[in-house]
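Shown next, in structure tokens, is the structure this report addresses.
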Amino acid sequence: MRITVITVGKIKEKFFTDAIGEYAKRLSKYCTLNQVEVPDEKAPETLSDKEMEQIKDKEGERILAKIKDSQYVITLEIKGKQLTSEELSEKLADLGLEGNSDVVFVIGGSLGLADAVMKRSNFALSFSKMTFPHQMMKVVLLEQIYRGFRIIKGEPYHK
């Protein structure tokens, strides 16, 4: 299986890059992992709704430019479906069985995802109704993908 994780902006903090590197190394046993960072738009603290949409649209164009028509897209959205680790594992296994072995996970920037990216999504996944920094979500996502593959293979994992 090929897993691509698209994120908006660079991850600068060493503790996040170390954790991401560790999970990327662990995942190499189970899949081909491709990590794509698209540039974020600089956004001042106070923005009008229209300015927020314009920024999300620009970031969305960059995200969509990295997605192929044949790829299965899972967006991380607050309003998405919440799954247990076992259910995410099942989802990954089912995708592979259905011939969707090229899966893209998309994590938006600080303002969220553009409507066009959410429309392109095949499945909206939520880890929580809370908002998290995208750097932290990348670590959590990679850990859950790793956990999912361990569950698929019947290998032990912490419950």
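What you are looking at is a predicted structure, and each value in this text was computed from that prediction instead of being measured. Atoms considered below: every heavy atom in the structure, side chains included; atoms not considered: hydrogens, waters and symmetry mates.
Note on L76: it clusters hydrophobically with L142, by side-chain heavy-atom contacts below 4.5 Å among ILVMFWY residues. Under a hydrophobic-cluster definition in which Ile, Leu, Val, Met, Phe, Trp and Tyr are linked whenever side-chain heavy atoms come within less than 4.5 Å, directly or via other members, V103 and L97 are assigned to different clusters. Both F149 and V139 belong to a common hydrophobic cluster when Ile, Leu, Val, Met, Phe, Trp and Tyr are linked at side-chain heavy-atom distances under 4.5 angstrom. In the hydrophobic cluster analysis, where Ile, Leu, Val, Met, Phe, Trp and Tyr join through side-chain heavy atoms closer than 4.5 angstrom, L88 is grouped together with I74. A single hydrophobic cluster is not seen to contain both I67 and Y72; linkage of ILVMFWY side chains at heavy-atom distances under 4.5 Å, directly or through other members, places them apart.
For the atom pair F127 CZ and L83 CG, the distance stands at 8.5 Å (nearest 0.5 Å). Taking CG from N100 and CG from L92, the interatomic distance works out to 11.0 Å, rounded to the nearest 0.5 Å. Rounded to the nearest 0.5 Å, atoms OG1 (T84) and CZ (R147) are 11.0 Å apart. Note: K29 NZ to Y146 OH = 7.0 Å, rounded to the nearest 0.5 Å. I145 contributes atom CD1, which lies 6.5 Å from atom CG of L27 (distance to the nearest 0.5 angstrom). Interatomic distance, CG of D57 versus CD1 of I63, reported as 10.5 Å (0.5 Å rounding).
Among K50, E51, E45, the single residue meeting the side-chain contact (heavy atoms from CB on, under 4.5 Å) criterion with L47 is E51.
The side-chain heavy atoms of V140 and F132, taken from C-beta on, include no pair separated by under 4.5 Å. You'll find the side chain of M118 stays beyond 4.5 Å of the side chain of K79, heavy atoms only. At a threshold of 4.5 Å between non-hydrogen side-chain atoms, the residues Y30 and R150 count as touching.
The nearest pair of heavy atoms linking G60 to V117 is CA-CG2, 3.6 Å. Here the shortest heavy-atom pairing between H134 and G108 reads CB-O, 3.4 Å. Contact between S89 and G148 at its shortest, heavy atoms only, is OG-O, 2.9 Å.
Not a single side chain to side chain contact (heavy atoms under 4.5 Å, CB included) links E90 to another residue, sequence neighbours left out. Taking the side chain to side chain contact (heavy atoms under 4.5 Å, CB included) definition, one finds that S28 meets it with nothing, sequence neighbours left out. Partners of S85 under the side chain to side chain donor-acceptor pair (under 3.5 Å) rule, at least two apart in sequence or in another chain, are Q144.
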With a 3.5 Å cut-off and sequence neighbours excluded, list the donor-acceptor pairs that the side chains of residues 1-16 form with protein atoms.
residue: K14; atom: NZ; partner: D18; partner atom: OD1; Å: 3.2
residue: K14; atom: NZ; partner: D18; partner atom: OD2; Å: 2.9

Donor-acceptor list for residues 33-41 side chains, cut-off 3.5 Å, not counting sequence neighbours:
residue: Q35; atom: OE1; partner: K138; partner atom: NZ; Å: 2.7
residue: E41; atom: OE2; partner: R62; partner atom: NH1; Å: 3.0
residue: E41; atom: OE2; partner: R62; partner atom: NH2; Å: 2.5

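K58 and E61 are not joined by a salt bridge, as no carboxylate oxygen comes within less than 4.0 angstrom of a charged side-chain nitrogen. Between E53 and K56, at least one side-chain N (NZ, or NE/NH1/NH2) sits under 4.0 Å from a carboxylate O, which counts as a salt bridge.
The 12-atom threshold is not exceeded at CG of D49, counting heavy atoms of other residues, nucleotides or ligands nearer than 6.0 Å.
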| Do F105 and I107 pass the side-chain contact (heavy atoms from CB on, under 4.5 Å) test, and can you show the C-alpha distance, the side-chain angles, and the key distance before you say yes or no? | CA-CA 7 Å; F105 288 87; I107 301 172; 5.7 Å; no

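Here side-chain hydrogen bond (donor to acceptor under 3.5 Å, both in side chains) pairs that include residues 110-126, with residues two or more places apart or in two chains, are T75-S121, R120-N122.
Figure legend: cation-pi geometry between K91 and F123, with NZ or CZ positioned under 6.0 Å from the six-membered ring centre and within 45° of its axis.
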